[in-house]
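Here's the structure, in structure tokens; my notes come after.
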Amino acid sequence: MTILSIDTSCDETAVAVTDGNRVLSNIIWSQALLHSKWGGVVPSLAKRAHQERLPWVVSKAVHDSRLTINEIDAIAATIGPGLAIALEVGIAKAKELALKWHKPLIPVNHLEGHILSPLAWSTISNQQLTINNLNFPFAALVVSGGHTELVLVKKIGEYQILVRTIDDALGEALDKAARMLGLGYPGGAVLEKLAKTGNPSTYKLPLPLLGRENQGKFSYSGLKTAFYRLTNEKSLTKQEIYDLAASFQNTSFEHLIRIVKKSVLSLRATLQTGRGNPEITDFLVGGGVASNIELRKRLRNLGKKFGLKIHFPYSKKLCTDNAAMIGLAGQWAFARGELKRTKEEIESIDRIPGLDFSLGLPLSRA
Ligand code: KG4
Ligand code: ZN
């Protein structure tokens, strides 16, 4: 089915057209520059920019898809999690389009989008991942600016959180570290670039939750505080900045990998004691930090060691916030009957800023 999807959950104005898993267009108008001088996303600025830019982004996505609006079967929109006043802009536009063009409207959870993003197909490649290639249950890792979650996917639409962060998300921690080094916002990608020139062992940072890897938690706030102490002492030379970037990235990834490894192994042990002996063999990774080459390398190494097939989205554009992943998740939400058809139903859709696996649609069944 063809879906026009909208995501305005944070600071990207994103619209896409998908046909099943195939991404026909994926337009993102980033607001990063607008927010950078404030060192983080300012909700009121985000709202205004979404309002100004969304009409153009919608027309561009439809134009680039080579479909007409009549050939589109449904509209999908992110209803959460995200910034309330930013989400509202995308939802209002989706309602307007659904009512004007008589299309059903599918409310989508942004996290389900990130989880399923490795299933997106490009228009050119034939070597694509399908759900038929995946062994259920499988594991999915979301590493973004707002979330760091390891999830068990029992089937599409049925999710259980295995591990989540008790404080900062990984992307948030990388952004804060980058800011302490004066690298601007968002800083994850810049930190990655500088870390390549740095020596990760020059500075010793404490590994979070060392010896407590089996507690089912990620944690980044202690690491951030330790990093603050290192960076706050004096003005830094270029080489010191490179080394600090490398140390922070190295320790934050080391923590992630340790916890993921422990959790997958204990999950395997638990599943094997049950009936049917299911084995975790597939591991999907999504979210902005999934575009980091060093993290990809470490996850692939972990995969090789423990017989896990690691799947990433096919492009960086599908890792960071985008609407193509919302269209993808939308098709399965549609199949589960989570669509709104009548005027009353469509108008009743509201944003759920704190939407989670335990609240609202569609992640409530875990
Ligand atoms: O998925 P995303 O666009 O937004 C949320 O849903 O939060 O993720 C944004 C996060 C930011 O923290 C950004 O610094 C981080 O992803 N990020 C990266 C890289 N590219 C984006 N972190 C590390 N390495 C990258 N190359
Ligand atoms: Zn996101």
Side-chain angles (χ1 to χ4, degrees), residues 5-16 23 25-61 63-64 77-78 81-93 110 113-114 117 143-147 168-197 224 231 236 238 241-242 244-245 248-249 286-293 295 313 315-326 351 353:
S5 46
I6 301 179
D7 185 291
T8 59
S9 57
C10 193
D11 60 344
E12 321 281 0
T13 311
V15 183
V23 180
S25 64
N26 188 16
I27 310 300
I28 300 163
W29 191 346
S30 172
Q31 301 175 9
L33 265 180
L34 192 69
H35 301 285
S36 62
K37 65 168 176 257
W38 306 102
V41 179
V42 182
S44 57
L45 288 183
K47 174 189 168 164
R48 186 148 20 107
H50 285 314
Q51 281 169 331
E52 286 166 6
R53 297 171 178 189
L54 195 51
W56 182 86
V57 181
V58 169
S59 354
K60 174 88 175 137
H63 174 269
D64 287 9
T78 298
L83 298 170
I85 59 173
L87 288 163
E88 280 166 9
V89 181
I91 296 171
K93 188 74 185 168
H110 183 84
H114 277 308
S117 57
V143 273
S144 71
H147 295 268
D168 292 351
L170 174 56
E172 185 184 1
L174 294 169
D175 288 344
K176 285 177 179 167
R179 205 157 76 195
M180 290 180 213
L181 295 176
L183 306 177
Y185 174 87
V190 187
L191 202 82
E192 171 180 30
K193 212 166 141 206
L194 300 191
K196 280 189 202 142
T197 327
K224 182 185 65 189
T231 55
L236 301 164
K238 269 191 182 161
I241 292 179
Y242 300 151
L244 282 160
F248 191 87
Q249 189 178 267
V289 191
S291 53
N292 186 292
I293 303 296
L295 182 64
S315 73
K316 282 191 178 184
K317 238 174 122 180
L318 275 151
C319 294
T320 44
D321 284 350
N322 67 88
M325 67 183 194
I326 302 305
R351 83 281 189 286

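Inter-residue side-chain proximity for Val41 and Leu83 is flagged as met; some heavy-atom pair is nearer than 4.5 Å. Residues Lys224 and Met180 are in side-chain contact: their nearest non-hydrogen atoms beyond the backbone lie under 4.5 Å apart. At least one side-chain heavy atom of His114 sits less than 4.5 Å from a side-chain heavy atom of Met325.
Looking at every heavy atom in both residues, Cys10 comes nearest to Ala86 through O-CB, 4.0 Å. Between Val143 and Ala290, the closest heavy-atom pair is CG2-N, 3.9 Å. Ile91 and Ala77 get closest at one heavy-atom pair: CA-CB, 4.5 Å. Of all the heavy atoms in Glu12 and Ile28, the pair that sits closest is OE1-CG2, 3.6 Å. Taking every heavy atom of both residues into account, Ala46 and His35 meet most closely at N-CE1, 3.6 Å. Nearest approach of Ala169 to Gly146, heavy atoms of both residues: CB-C, 3.6 Å.
To the nearest 0.5 Å, atoms OH (Tyr242) and CG (Leu181) are separated by 11.5 Å. Rounding to the nearest 0.5 Å places CD1 of Ile241 at 6.5 Å from CG of Leu183. In this structure, CG on Asn26 lies 7.0 Å from OG on Ser315, to the nearest 0.5 angstrom. The line from NZ of Lys193 to CD of Gln249 is 13.5 Å long, rounded to the nearest 0.5 Å. Rounded to the nearest 0.5 angstrom, Ser36 OG and Gln31 CD are separated by 11.5 Å.
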Check the pair Asp7 / Asn322 against side-chain contact (heavy atoms from CB on, under 4.5 Å), numbers first and verdict last. CA-CA 7 Å; Asp7 185 291; Asn322 67 88; over 6 Å; no

Derivation of the salt bridge (Lys or Arg N to Asp or Glu O under 4.0 Å) call for Asp175 and Arg179: CA-CA 6 Å; Asp175 288 344; Arg179 205 157 76 195; over 6 Å; no

Stepwise, does the side-chain contact (heavy atoms from CB on, under 4.5 Å) test hold for Trp56 with Trp29? CA-CA 10 Å; Trp56 182 86; Trp29 191 346; 4.0 Å; yes

Would you please test Ile6 and Thr78 for side-chain contact (heavy atoms from CB on, under 4.5 Å) and show each step? CA-CA 7 Å; Ile6 301 179; Thr78 298; over 6 Å; no

For the pair Leu295 and Glu192, evaluate side-chain contact (heavy atoms from CB on, under 4.5 Å) and give the outcome as yes or no after the intermediate values. CA-CA 10 Å; Leu295 182 64; Glu192 171 180 30; over 6 Å; no

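Between the side chains of His50 and Glu88, no donor N or O sits under 3.5 Å from an acceptor N or O.
In this structure, Thr8 contributes its side chain and Thr13 its backbone to no donor-acceptor pair below 3.5 Å. With hydrogens and angles ignored, the 3.5 Å screen pairs no side-chain donor or acceptor of Ser9 with any backbone N or O of Leu87. In this structure, the side chain of Arg53 engages the main chain of Ser30 through a donor-acceptor pair within 3.5 Å. Side-chain N or O atoms of Ser291 include none that pairs as donor or acceptor with a backbone N or O of Lys316 at under 3.5 Å. When atom types are taken as modelled, the side chain of Lys60 and the backbone of Ile27 share no donor-acceptor pair closer than 3.5 angstrom.
At a threshold of 4.0 Å, the pair Glu172-Lys176 counts as salt-bridged, since one of the basic side-chain nitrogens sits closer than that to a carboxylate oxygen.
Checked against side-chain hydrogen bond (donor to acceptor under 3.5 Å, both in side chains), Lys47 has no partners two or more places apart in sequence or in another chain.
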